Amino acid sequence: QSSRAGAAAPALFYLCGAAIREALICKHREDMKLKTCMRLLSLSLLLFAALFCVFSAPSARVEAQTSRQTEELYLERGGKKLYGKLYLPEDAVSPLPLVILSHGLGSNHHIMEPYAEFFADSGIAAFVFDYIGGSEESLSDGDMKDMSVLTEAADLSFLLDHFLADARFMEDGIFLFGGSQGGFISAFVAGKRSADEAGLILLYPAFDLQDICRELAVQSELPDNVTIEEHVVGRAYVEDMLTFDIYEVMAQYAGPALLFH
């Protein structure tokens with residue numbers, strides 16, 4: 001794995017450098033608005049950070065001295081606790097760009113912490129959290145049998161509002177970053193609130209979850225509990241999933257996006 005990471009590094013740096021150069025060149029094109037150009041530049045920088053995390057094994061790099069601080073947050077939505085951890089670059093000047101990282105089905109914030117740490121060490125604030133009812137190991141309230149993609153979308157939208165109101169962060173510099181079901185939710189929220197995100201990063205987004213739920217829905221009557229990818233969820237999970245088409249929703253998002261699959 002170390003040798004693969006080392007071999008990938010030159011191509012990775014070339015790709016990121018080319019993306020950043022293209023974003024800078026865009027600033028001089030009369031047919032592109034400055035705000036769009038800066039969003040593209042910001043997303044290119046996030047591409048550098050995200051790809052470096054993915055392709056650089058811990059054994060293949062020397063750990064840099066960390067320069068970050070963390071804040072644990074206990075927020076409340078709908079009478080239920082929502083736990084999260086904010087990673088901030090030390091001595092950074094506000095307002096900062098911020099990445100909100102969403103975990104997948106049955107997971108929790110820990111899986112996104114390596115990305116958050118790297119972002120913070122690179123001067124970008126990051127927030128990891130547990131969806132309400134998101135897993136059995138969640139530090140947030142809620143039960144998985146009461147969770148659905150719409151309840152998680154409400155969680156993420158709530159967090160977006162929370163950080164948009166926080167003067168420490170750029171109003172036009174908040175990015176959504178999600179893996180698996182977290183990628184599905186991030187794409188859904190981006191489609192519903194296209195003007196509120198600076199960019200979207202999706203790691204192996206689980207868009208096939210709708211197909212899985214459609215197959216389950218052909219049963220004459222859904223049971224109270226169903227199993228999705230070895231996780232037991234409630235009937236509402238399937239019912240809510242079939243109230244929209246994810247491809248139609250995310251098509252409403254017109255901003256920069258990166259997809260890793």
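Numbers here are sequence positions counted from 1. What you are looking at is a predicted structure, and each value in this text was computed from that prediction instead of being measured.
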As an exercise, state the distance from [atom1] of [X] to [atom2] of [Y], rounded to the nearest 0.5 Å.
X	Y	atom1	atom2	result
I174	R193	CD1	CZ	9.0 Å
H162	L82	NE2	CG	10.0 Å
L202	F260	CG	CZ	9.5 Å
L200	M250	CG	CE	9.5 Å
S140	E76	OG	CD	12.0 Å
L156	L160	CG	CG	6.5 Å

More than 12 non-hydrogen atoms from neighbouring residues, nucleotides or ligands closer than 6.0 Å to CD1 on I111, yes or no?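 Counting neighbours around CD1 of I111, 12 or fewer heavy atoms of other residues, nucleotides or ligands fall under 6.0 Å, so no.
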Using a 6.0 Å cut-off, check whether atom CD of E230 has over 12 heavy atoms from anything other than its own residue.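 It does not: E230 CD has 12 such atoms or fewer within range.
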Nearest heavy-atom neighbours spanning [X] and [Y]:
X	Y	value
N108	S135	CB-OG, 4.1 Å
M144	E136	SD-N, 4.0 Å
P256	A198	CD-O, 3.6 Å

Do E137 side-chain atoms and S107 backbone N/O form a donor-acceptor pair below 3.5 Å?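 No.
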Would you check if the side chain of D141 reaches a backbone N or O of K81 as a donor-acceptor pair within less than 3.5 Å?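 It does hold such a pair.
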Could you tell me whether the side chain of [Y] reaches within less than 4.5 Å of the side chain of [X], counting heavy atoms only?
X	Y	value
L86	T70	no
F127	Y87	no
V233	M147	yes
M241	L150	no
L88	E71	yes
I124	P89	no
T151	Y131	no
L216	I228	yes

Donor-acceptor list for residues 175-192 side chains, cut-off 3.5 Å, not counting sequence neighbours:
from	atom 1	to	atom 2	distance (Å)
Q181	OE1	Y237	OH	2.4
Q181	NE2	E152	OE1	3.0
S186	OG	G182	O	2.8

Among Ile, Leu, Val, Met, Phe, Trp and Tyr joined by side-chain contacts under 4.5 Å, find the other residues sharing a cluster with Y74 and list them by chain and number.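 Traced through the cluster, Y74 reaches Y83, L139.
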Donor-acceptor contacts, no H, no angles, side chain residues 91-101, under 3.5 Å, sequence neighbours left out:
none

Residues which pass side-chain contact (heavy atoms from CB on, under 4.5 Å) with E239, listed by chain and number, not counting sequence neighbours: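 Result, side-chain contact (heavy atoms from CB on, under 4.5 Å) vs E239: L222, R235.
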Which residues satisfy the side-chain contact (heavy atoms from CB on, under 4.5 Å) test with D146, sequence neighbours excluded?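 Here the qualifying residues are D143.
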Please report the C-alpha distance between R77 and D155 in whole Å, then the side-chain angles of each, then the deciding distance to 0.1 Å, and finally whether the side chain to side chain contact (heavy atoms under 4.5 Å, CB included) criterion is met. CA-CA 7 Å; R77 187 186 76 79; D155 290 345; 2.6 Å; yes
Which pairs with one or both residues in [range] pass salt bridge (charged side-chain N to carboxylate O under 4.0 Å, His left out), sequence neighbours excluded?
range	value
residues 204-218	D211-R214
residues 249-261	none
residues 96-113	K85-E113

Report the residues that fulfil ring-ring contact (aromatic ring centres under 6.0 Å, His included) with Y204, sequence neighbours left out, ordered by chain and then residue number.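 Counting only residues at least two positions away or on another chain, Y204 forms no ring-ring contact (aromatic ring centres under 6.0 Å, His included).
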Pairing residues for D130 by the salt bridge (Lys or Arg N to Asp or Glu O under 4.0 Å) criterion, not counting sequence neighbours: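 In terms of salt bridge (Lys or Arg N to Asp or Glu O under 4.0 Å), with neighbours along the sequence ignored, D130 is linked to no residue.
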Go through the structure and list residues passing salt bridge (Lys or Arg N to Asp or Glu O under 4.0 Å) with E72, not counting sequence neighbours.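 Scan of E72 (salt bridge (Lys or Arg N to Asp or Glu O under 4.0 Å), adjacent residues dropped) gives none.
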Joint hydrophobic cluster, V149 plus L242, side-chain heavy atoms closer than 4.5 Å: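 Yes: a chain of side-chain contacts under 4.5 Å links V149 to L242.
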May I have the step-by-step check of side chain to side chain contact (heavy atoms under 4.5 Å, CB included) for H261 and L203, ending in yes or no? CA-CA 6 Å; H261 210 292; L203 304 182; over 6 Å; no
Could you note down all residue pairs passing side-chain hydrogen bond (donor to acceptor under 3.5 Å, both in side chains) where residues 247-260 supplies at least one of them, sequence neighbours left out?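 Qualifying pairs: none.
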Applying side chain to side chain contact (heavy atoms under 4.5 Å, CB included) to E117 and R68, what does each step give before you reach the verdict? CA-CA 8 Å; E117 291 171 355; R68 60 179 181 265; 3.6 Å; yes
Report the C-alpha distance between E229 and L209 in whole Å, list the side-chain angles of each, state the deciding distance to 0.1 Å, and finish with yes or no for side chain to side chain contact (heavy atoms under 4.5 Å, CB included). CA-CA 9 Å; E229 296 183 350; L209 286 172; 4.1 Å; yes
